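Beneath this line is the structure, given in C-alpha cells, with notes to follow.
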Amino acid sequence: VFVSPQPTVLHADLDAFYASVEQRDDPALRGRPVIVGPGVCLAASYEAKAYGVRSGMGAAAARRACPDAVFVRARFEAYTEASKAVFAIFEETSPVVEALSIDEAFLDVRGLEHIRGTPVAIARQLRSDVRERVGLPITVGLARTKFLAKVASACAKPDGLLVVMPDRELEFLHPLPVQALWGVGGKTAAKLHAAGLTTVGEVARVPETLLVEVCGRAAGRQLHALSHNRDPRRVRPRVRRRSIGSQHALGRPRRRSPEELDAVLVGLVDRVTRRMRKARRCGRTVVLRVRFGDYTRATRSRTMVRATAQTEPILATARSVLAAAMPLIETRGLTLLGIAVTNLEDNVGIQLALPLGREREAVVDAAVDDVRARFGTAAITRGVLVGRDRGIEVPLLED
Ligand SMILES: [Mg+2]
C-alpha cells in the first residue's frame, strides 16, 4: 500500500453551503443568521450556528434557538449551479477528484509540484479561486491521508486552511475526541467511553485486541489503524454514471399476459429507482429496451417534464412507453425487457424532500428503501410482485 510521504490529499468542503449561496445572492443576508428551509433547517449560516441552530432541526426549534434568524426558502437550482462551478474548479486543480457530495470532494495533488506548485500553494489557490469565481467560502484540509484531511477541514471551518505536516500528525490527532475517528457515531462513542476511552490518543494507546473486544472485529481494527493515522484509501476519481438501468431476461419467447409484463416492469422500475435514490441521482428520460423473439433489439424512450427519482412517475412513464411498444412485442415476441433512466442530475433535494412532508410518495420510497437496507431486498415487495418469479437478473451495461 502506497501512502504519500508528503501531505498531498486535499479535503475541500464548502462552508454552510446553501446558506452561503443565499448570503452571496442577497447582500441583506450577509453577517446575519440565516436558516434555509422551509419546515426544517436544511442549512444554517455560521451566524445562526453560533446560537446552536443545526441542520435537520425543525423550524420551530430553530426559531426558539435563534429568534432573530432570517428564514429563506431553498433554491435548489442555484445550489446545483454553484456546485457545478465549484467542481469545475476542482477539476482544473487536479486530475484526481473524488466527489463526496454536492459540496465536498477529495483531491490528490501528488505530482503537480512543477505545474501548479506545492500542495499548500495549490490549496491556497483553490480557496481563492472558489471565493473569486463562485463567491463562496470553502475550507480545505491537507494531509497525507484522506481520513486526516477530512479531520483537518472539520477543525479549520469556517473559511480556513489547515495543513497537517507528517511529523505533527499524531500531535494533532490524539487530543481530539473519539468522535473524530471515521465511523464513530453515538453508539461506538458510548462503548469507547464505557471502556474509559474519550480521546483518539487513548484509543491509540490500548492494544488492538481490546478495541476488537469492545467494538467488534472490523470496527476495532479500523479504530486502531485510524488512531495511528493509518488509512490506505486512495483518492479515486469517481466516474459519474450517465444512466442507471436494469434488465430482465424472459427465457423462451411465448405469449405473456399484460399483467405478467407489468409485473416485470414494476420490478425493474423498483430496482432502478432504488439505485437512483441511493446514488442521489434523479433523471428525466425513461428508456425501455426490448429484445424480440429473434434476438434483435429495440429501444423506446420518453422524457418527463422534470427529473425525479421517485418510483411512481417513472413507473407511469415506463408503462406508457411499454404500452406504445406492445403491438410490436405482440407480433415479434419478447425475450428481454430492460429499463434505464438517463439525463441524470444530482438529486440535491431528495433527502430534503422528506422532512418537508411535501411528497407522500417520496416518503413511501424512502421507507421501503430503509426496510430493505436493514432487512434485505426480499423483506418488502410491491403487491404486484408477490409470488412472481423474478427471473434471471442481468446487469445492464451503462451507456
Ligand atoms: Mg460543506
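These numbers were taken from a predicted model, which means no experiment stands behind them. Counting convention: from 1, in listed order, for ligands and their atoms alike. Residue numbers count from 1 along this sequence.
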- [ ] If a pair satisfies side-chain hydrogen bond (donor to acceptor under 3.5 Å, both in side chains) and one of its residues is in residues 190-200, list it, with sequence neighbours excluded.
- [x]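 side-chain hydrogen bond (donor to acceptor under 3.5 Å, both in side chains) check on residues 190-200 returns T198-E202.
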
ask   = Where is the tightest heavy-atom contact between M165 and P7, given as atom of each residue plus distance?
value =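 Closest pair (atom of M165, atom of P7, distance): SD-CG, 4.1 Å.
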
Sub-3.5 Å donor-acceptor pair from the side chain of K157 to the main-chain atoms of D13, do we have one?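 Pair found, side chain donor or acceptor close to backbone of D13.
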
R127: partners by side chain to side chain donor-acceptor pair (under 3.5 Å), with sequence neighbours left out: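 Partners of R127 under the side chain to side chain donor-acceptor pair (under 3.5 Å) test: D159.
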
Anything under 3.5 Å between a donor and an acceptor, one on a side chain of residues 209-218, the other on a protein residue two or more places apart or in another chain? List them.
none

Matching residue for E22 among R75, R30, R73, R32 - test: salt bridge (charged side-chain N to carboxylate O under 4.0 Å, His left out):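 Exactly one pass, corresponding to R75.
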
If waters are left out, how many protein N/O/S atoms lie within less than 2.8 Å of the Mg ion (ligand 1)?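 If we list every protein N, O or S atom nearer than 2.8 Å to the Mg ion (ligand 1), we get 3.
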
